[in-house]
Visitor: 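Got a structure for you, questions after.
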Amino acid sequence: MNIKGCIFDLDGVVVDTAKYHFLAWKKLGQELGFDFTEQDNERLKGVSRMRSLDILLEIGGLSLTEEEKVAAATKKNEWYLEYIKQMKPEEILPGVLDFFKSLKEAGIKIALGSASKNAVLILNILDIKGYFDVIVDGNSVSKAKPDPEVFLQGAEKLGLTAEECVVFEDAEAGVEAAKNGGMRCVGIGEPAVLSKADVVVDGFNAFTIENLKQL
Ligand code: BG6
Ligand code: MG
């Protein structure tokens, strides 16, 4: 089937915000009295803010009331925003902008499919919102990845079927979401982690529009 649309995850695919999420969660862990490692942070990739907090608390062996959880997630997000407000367009991952440009030239539509509620803010900070025909983010979905809702909404808003779209993802839950939605998926990262993807590459310098057409 001809590819008419590409749907991109944001964190870890377009920009490396995972390091900022990590720093903010680590700070929250410290405040709550336990250490949170980079390895632990892998479990939070692609996962919603509140679910991430639950995982963090599980790692720390703590339980909080709903009210305390909302306060903790708000605090983490405020720290995270301090980091991302200082991001520069140079932090866009290598090859991403050239890939976007070649999609535009080929008439292939571009959508964002992100779990983040900060997605539009990040696109504006990086000055790349204009590349996206459609944006679906953590504010518009009710079911988190691996549920395919975010990508199915993206395809629908592009006016395309799932079969006409390809998803780009760096998280295991995100690859599963794409496959659950009946879409082809390019994994960005480690083949061992993203084994359910149709192909796995380590970044857009290793993936061109010619590779896309061969999927
Ligand atoms: C995903 C990230 O894109 O967004 C997760 O991979 C993050 O790590 C999630 O928790 C929610 O992000 P935000 O910006 O709404 O807290
Ligand atoms: Mg991601």
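All ligand and atom numbering here is 1-based and tracks the order in the structure.
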Visitor: Heavy-atom pairs closer than 4.0 Å: do any link ligand 1 to the side chain of H21, the backbone, both, or neither?
Guide: side chain
Visitor: Which word best sums up how the rings of F204 and F168 line up, parallel for under 30°, tilted for 30 to 60°, or perpendicular for over 60°?
Guide: tilted
Visitor: Does Y20 have its ring centroid less than 6.0 Å away from the ring centroid of Y80?
Guide: no
Visitor: Look at atom 4 (O) of ligand 1 and say which protein heavy atom is nearest, naming residue and atom and giving the distance to 0.1 Å.
Guide: D11 OD2, 3.4 Å
Visitor: Indicate yes or no for a side-chain donor-acceptor contact from K104 to the backbone of I108 under 3.5 Å, with no hydrogens or angles considered.
Guide: no
Visitor: I'd like to check whether K45 has a polar contact with ligand 1, where a contact means an N/O of the residue lying under 3.5 Å from an N/O of the ligand.
Guide: no
Visitor: Number the atoms of ligand 1 from 1 as they appear, then name those within less than 4.0 Å of a heavy atom of R49, with their elements.
Guide: 11 (C), 13 (P), 15 (O), 16 (O)
Visitor: State the atoms of ligand 1, each with its element, that fall below the 4.0 Å cut-off from a heavy-atom position in K117.
Guide: 13 (P), 14 (O), 15 (O)
Visitor: Does Q30, at its CD atom, have more than 12 non-hydrogen atoms belonging to other residues, nucleotides or ligands within less than 6.0 Å?
Guide: yes
Visitor: Looking only at heavy atoms, what is the nearest atom pair of A162 and G181, with distance?
Guide: CB-O, 3.2 Å
Visitor: Going by the angle between their ring planes, with limits at 30° and 60°, are Y131 and F100 parallel, tilted or perpendicular?
Guide: tilted
Visitor: Would you indicate which of A73, G113, S116, A24 comes nearest to atom 13 (P) of ligand 1 when only heavy atoms are counted?
Guide: S116
Visitor: So which protein heavy atom does atom 6 (O) of ligand 1 come closest to, and at what separation?
Guide: G46 N, 2.8 Å
Visitor: With heavy atoms under 4.0 Å as the rule, classify the contact between V47 and ligand 1 as side chain, backbone, both or neither.
Guide: backbone
Visitor: Please confirm whether the backbone N or O of S48 pairs with a side-chain atom of S52, one donor and one acceptor, at under 3.5 Å?
Guide: yes
Visitor: Strictly under 2.8 Å, how many protein N, O or S atoms lie near the Mg ion (ligand 2)? Waters don't count.
Guide: 3
Visitor: Report the part of S52 in contact with ligand 1, treating N, CA, C, O as backbone and CB onward as side chain, heavy atoms under 4.0 Å; options are side chain, backbone, both, neither.
Guide: side chain
Visitor: Nearest to atom 8 (O) of ligand 1, what protein heavy atom do you find, and at what distance?
Guide: L44 O, 3.1 Å
Visitor: Distance from L44 atom CG to H21 atom NE2, nearest 0.5 Å?
Guide: 9.0 Å
Visitor: Hey, are K26 and D40 close enough for a salt bridge, meaning a charged N less than 4.0 Å from a carboxylate O?
Guide: no
Visitor: Answer with yes or no whether the side chains of T208 and N211 bring together a donor and an acceptor at under 3.5 Å.
Guide: yes
Visitor: So which atom in N41 and which in F22 form the shortest heavy-atom distance, rounded to 0.1 Å?
Guide: ND2-CB, 3.4 Å
